[in-house]
**Student:** 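Questions regarding the structure given below will be posed in turn.
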Amino acid sequence: KEIAEVFRGKSVLKKDINPGGNISVLNISNIEDGDINYNELDTIAEEERNIKRYELADGDVVLSCRGTAIKSAVFHAQNKPVIASANLIVVRPKGEILGDYLNIFFESPIGRTLIKSFQRGTTVMNINYLDIMEMEIPLLPLDEQTVIVSKYHQERLIYKKAIEEAETRWNSTKNAL
């Protein structure tokens, strides 16, 4: 809570979904492998002043708070307002920490273990955003965070390219056989 503002997303009912809406809604299903699929966001029709407190800002980290799978990603500003759904916790860095660095910590073995320790419930696992506010995170100087984030993105690109090449090779082998 000292280095980030933490809040839960807005409850959006199925009946509120409106394909022609002016506000996009980010759901857990839009987060895959640490990335957000911005093309598949639901929309609602709502006055912007009514959703301001839920609106996502560039660099916000979104974290799933329902279900067994723990998903997180860094939000990047879009050309129209986007809000988080109630199934997400939003962690907005205050300046001493980079959103990407925070997300890397959430994805780390220690971060995952800490987050799992906050999960409650038997049938539906829940994480309370107040627990996330109490989470202790190793805070490095901004220049060191920047180096870590840069290395992470470089290695992630190499990883994704290798996966893509392997899938292409496998598919062409299957087709040839």
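We're numbering straight along the sequence, starting at 1.
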**Student:** Does any non-hydrogen side-chain atom of Val82 lie less than 4.5 Å from one of Leu41?
**Tutor:** yes
**Student:** Find the distance between NZ (Lys151) and CZ (Arg156) and round it off to the nearest 0.5 Å.
**Tutor:** 15.5 Å
**Student:** Are the side chain of Thr43 and the backbone of Asn18 linked by a donor-acceptor contact shorter than 3.5 Å?
**Tutor:** yes
**Student:** Is there side-chain contact between Leu114 and Glu136, with at least one heavy-atom pair below 4.5 Å?
**Tutor:** no
**Student:** Counting only heavy atoms from other residues, nucleotides and ligands, does the tally under 6.0 Å from NZ of Lys94 exceed 12?
**Tutor:** yes
**Student:** Which residue, Ile83, Leu56, Val61, forms the side chain to side chain contact (heavy atoms under 4.5 Å, CB included) with Val90?
**Tutor:** Leu56
**Student:** Return yes if some donor-acceptor pair links the side-chain N/O of Glu165 with the main-chain N/O of Lys160 below 3.5 Å, else return no.
**Tutor:** no
**Student:** Answer yes if Ile28 and Phe7 sit in the same cluster of Ile, Leu, Val, Met, Phe, Trp and Tyr residues linked by side chain heavy atoms under 4.5 Å apart, and no otherwise.
**Tutor:** yes
**Student:** Checking Asn126 side chain against Gln119 main chain: does a donor-acceptor pair fall under 3.5 Å?
**Tutor:** no
**Student:** Distance check, rounded to the nearest 0.5 Å: Glu55 atom CD versus Arg92 atom CZ?
**Tutor:** 8.0 Å
**Student:** Side-chain contact, heavy-atom cut-off 4.5 Å: His76 with Tyr38?
**Tutor:** yes
**Student:** Evaluate Glu40 against Asn37 for side-chain contact (heavy atoms from CB on, under 4.5 Å), listing each step before the verdict.
**Tutor:** CA-CA 6 Å; Glu40 302 289 323; Asn37 181 350; 3.0 Å; yes
**Student:** Please check this pair: side chain of Asn171 against backbone of Glu167, looking for a donor-acceptor N/O pair closer than 3.5 Å.
**Tutor:** yes
**Student:** Between Cys65 and Ala86, which heavy-atom pair has the shortest distance, and what is it?
**Tutor:** SG-O, 3.6 Å
**Student:** Mind listing the closest non-hydrogen atom pair of Phe106 and Ser72 along with its distance?
**Tutor:** CB-OG, 4.0 Å
**Student:** Identify the heavy atoms of Ala69 and Ser64 that sit nearest to each other, and give their distance.
**Tutor:** O-OG, 3.2 Å
**Student:** What's the separation between atom CG in Asn30 and atom OG in Ser24, rounded to the nearest 0.5 Å?
**Tutor:** 9.5 Å
**Student:** Under the 3.5 angstrom rule, does the side chain of Tyr101 hit a backbone N or O of Leu142 as a donor-acceptor pair?
**Tutor:** no
**Student:** Which residue pairs pass the side chain to side chain donor-acceptor pair (under 3.5 Å) test with at least one member in residues 78-89, sequence neighbours excluded?
**Tutor:** Asn27-Ser85, Arg66-Asn87
**Student:** Less than 4.5 Å apart, any side-chain heavy atom of Val62 and any of Ile89?
**Tutor:** no
**Student:** Transitively linked via ILVMFWY side-chain contacts under 4.5 Å: Val149 with Ile36?
**Tutor:** no
**Student:** In the structure I gave you, are the side-chain heavy atoms of Phe105 and Pro138 within less than 4.5 Å of one another anywhere?
**Tutor:** yes
**Student:** What distance separates Leu139 CG from Leu102 CG, expressed to the nearest 0.5 Å?
**Tutor:** 10.0 Å
**Student:** So Leu26 and Leu88, do their side chains get closer than 4.5 Å, heavy atoms only?
**Tutor:** yes
**Student:** Give a yes or no on whether Ile110 and Met133 share a hydrophobic cluster (residues Ile, Leu, Val, Met, Phe, Trp, Tyr; joining criterion: side-chain heavy atoms under 4.5 Å apart).
**Tutor:** yes
**Student:** Would you call Val6 and Lys1 a side-chain contact if the rule is heavy atoms closer than 4.5 Å?
**Tutor:** no
**Student:** Using a distance-only test with no angle check, is there a side-chain donor-acceptor pair under 3.5 angstrom linking Glu107 and Tyr152?
**Tutor:** yes
**Student:** Grab the two heavy atoms, one from Ala73 and one from Gly34, that are nearest each other, plus how far apart they are.
**Tutor:** CB-O, 3.5 Å
**Student:** Applying the side-chain hydrogen bond (donor to acceptor under 3.5 Å, both in side chains) test to Asn50, which of Glu46, Glu47, Arg53 qualifies?
**Tutor:** Glu46
**Student:** Please test Lys71 against Asp33 for salt bridge (charged side-chain N to carboxylate O under 4.0 Å, His left out), starting from the C-alpha separation and ending with a verdict.
**Tutor:** CA-CA 8 Å; Lys71 295 181 174 185; Asp33 296 325; over 6 Å; no
**Student:** On a heavy-atom basis, which atom in Ala77 and which in Asp58 lie closest, and how many Å separate them?
**Tutor:** N-OD1, 2.9 Å
**Student:** Heavy-atom count check: over 12 atoms from other residues, nucleotides or ligands less than 6.0 Å from Ile3 CD1?
**Tutor:** yes
**Student:** Looking at CG of Leu98 and CD of Glu144, how far apart are the two atoms once the value is rounded to the nearest 0.5 Å?
**Tutor:** 12.0 Å
**Student:** If every non-hydrogen atom of Arg8 is compared with every non-hydrogen atom of Tyr129, which pair is closest and at what distance?
**Tutor:** CB-CD2, 4.3 Å
**Student:** With clusters defined by side-chain heavy atoms of hydrophobic residues (ILVMFWY) lying less than 4.5 Å apart, directly or transitively, does Leu130 cluster with Phe118?
**Tutor:** yes
**Student:** In Å and rounded to the nearest 0.5 Å, what is the CD1 to CD1 distance from Ile44 to Ile23?
**Tutor:** 6.5 Å
**Student:** Apply the test salt bridge (charged side-chain N to carboxylate O under 4.0 Å, His left out) to residues Lys161 and Glu164: give CA-CA distance (whole Å), side-chain angles for both, the deciding distance (0.1 Å), then the verdict.
**Tutor:** CA-CA 5 Å; Lys161 188 174 183 205; Glu164 193 176 295; over 6 Å; no
**Student:** If Ile, Leu, Val, Met, Phe, Trp and Tyr residues are connected whenever their side-chain heavy atoms lie under 4.5 Å apart, and connections chain through other members, are Ile97 and Leu63 in the same group?
**Tutor:** yes
